[in-house]
There are 2 protein chains.
Amino acid sequence: MTADLHATASTRLRADGQRYTPRRRALVDLLADSDQPLTIPQLLEHRKDLAQSSAYRNLAILERAGVVHRIVTTDEFSRYELAEDLTEHHHHLICSSCGDVTDFTVPAAVEHDLEAALSKVAKRSGFRARSHRLDLVGTCATCE
Amino acid sequence: MTADLHATASTRLRADGQRYTPRRRALVDLLADSDQPLTIPQLLEHRKDLAQSSAYRNLAILERAGVVHRIVTTDEFSRYELAEDLTEHHHHLICSSCGDVTDFTVPAAVEHDLEAALSKVAKRSGFRARSHRLDLVGTCATCE
DNA sequence: GATCGAACGAGAACGGTTCTCATGACCGAG
DNA sequence: CTCGGTCATGAGAACCGTTCTCGTTCGATC
């Protein structure tokens, strides 16, 4: 299943005219092993051999290829996670004190109703929806 | 009702040890008149007499006082809107092509179920939720 | 192995935002 | 009404996360 992940990543990059290099694979591995979106400093901390500029460049490439997703909150750093179709549909708890972001899911029934309501809104306003984003903002257990 | 708005803004600023000056009132007026969150360039465009540095400073002060809310998407500029309890609870259509953000609401029933599901999640993970955020990401009618 | 284009990494450059500081406005005391 | 002190203002400098540049290195292909 990790093999699948790398195969998918490789395919998507190739479709975008890019290679699946060791550095890019390392980034995907780090994101796959995490249960929360990571900032670039966090990624570099885990893999000291990655260069900052390359990390930025490769994450941008992986994002364009649809392999990773970039999240930006009010805190100073962007965060990266695997694209949603490579993991499972989930949402984020965002701590407005420390900036930390962790994943959560809601029951399928709620998700389904929400989806229905949103597609109605989109249709009404001529908006082509690609995805929705549901975050809970507050303070996490450790900042509390 | 606009009078109420200014009275509330003034009260909240004073509670934070700040004055409700003409510049700050101008910002609140601009945001109140808009049906979408505005970037600083957009604000300055509407009111040419506002200085950029003061706009940044005053919006930060208004945000700390709980009068305005700052929204950050993947595009280059932050956007500002009135705090949710000064308007009505709403969500955002975010165009990933032009970056434009517009408001929308969902039926109260859906909102209610969502609220219930979220508070359950928050409790389970020891997270103190302050608000939720639901955005629809895609391409708007004019970019389509 | 040779070759050539793409990926890499160190550092410079960029740009939205924040900070600095001299000036001006406001408010209370006398 | 005037003086003083405090805070807001605005032009520009500084900041810092991110992007770009460019010489070097890697790796796929023959």
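Just so you know, these numbers come straight off a predicted model, no measurement behind them. So you know, we letter chains A, B, ... as the sequences are listed, proteins then strands, and number each from 1.
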* Could you tell me the separation between the CD atom of A:Q18 and the P atom of C:dA6, rounded to a whole number of Å? => 9 Å
* A:L136 CG to B:S125 OG distance, which is reported to the nearest 0.5 Å -> 8.0 Å
* Asked: Going 5' to 3' along DNA chain D, which nucleotides are the first and last within contact of chain A (any atom under 4.0 Å from a heavy atom)?
  -> D:dG17 to D:dC20
* Side chains of B:T73 and B:V101: does their closest heavy-atom pair fall under 4.5 Å? -> yes
* How close or far is atom C1' of C:dC8 from atom CZ of A:R24, stated in whole angstroms? -> 9 Å
* Asked: Salt bridge check: are B:R47 and B:D29 linked by an N-O gap of less than 4.0 Å?
  -> no
* Short side-chain N/O contact to C:dG9 OP1/OP2 from A:S54, under 4.0 Å -> yes
* Asked: Among side-chain atoms of B:Y20 and B:H6, is any donor-acceptor pair under 3.5 angstrom?
  -> yes
* Pairwise salt bridge (Lys or Arg N to Asp or Glu O under 4.0 Å) hits with a residue in residues 76-87 of chain A, at least two apart -> A:R12-A:D85, A:D75-A:R79
* Rounded distance in Å - CZ (B:R14) to C1' (C:dC26) -> 13 Å
* Structure fact -> When rounded to the nearest 0.5 Å, the distance separating CD1 of B:I61 from CG of B:D16 is 8.5 Å
* Find the distance A:R19:CZ to C:dA7:P and express it as a whole number of Å. => 5 Å
* Does B:Y56 or B:P22 map to a spot on DNA chain C nearer the 5' end, using the closest nucleotide for each? -> B:Y56
* Structure fact -> Separation of C:dT18 atom P from B:F77 atom CZ, nearest Å, is 13 Å
* Please confirm whether any donor atom in the side chain of A:T21 sits under 3.5 Å from an acceptor in the base of C:dA7, or the reverse. => no
* Side-chain donor-acceptor contact under 3.5 Å, A:D33 with A:H46 -> no
* Asked: Does the separation of the ring centres of A:H132 and B:H92 fall below 6.0 angstrom?
  -> no
* Asked: Which whole-number value in Å describes the distance from A:L27 CG to C:dA7 C1'?
  -> 13 Å
* Asked: Would you say B:S78 reaches C:dT17's phosphate, i.e. side-chain N/O to OP1/OP2 under 4.0 Å?
  -> yes
* **Selection from C:dT17, C:dG16, C:dC8 that lies nearest to any side-chain heavy atom of A:N58** => C:dC8
* To do: Answer with base, sugar-phosphate or nothing: what part of the nucleic acid does B:R57 contact at a heavy-atom distance below 4.0 Å?
  => base
* Measure from CZ on A:R23 to C1' on C:dA10 and round the result to the nearest Å. => 14 Å
* For the helix from C:dG1-D:dC30 to C:dG30-D:dC1, figure out the bend between the end axes, five pairs an end, and round to 10 degrees. => 30°
* In whole angstrom, give the distance that lies between atom OH of B:Y20 and atom C1' of C:dC26. => 17 Å
* Asked: Got a donor-acceptor contact below 3.5 angstrom from the B:H91 side chain to the B:D135 backbone?
  -> no
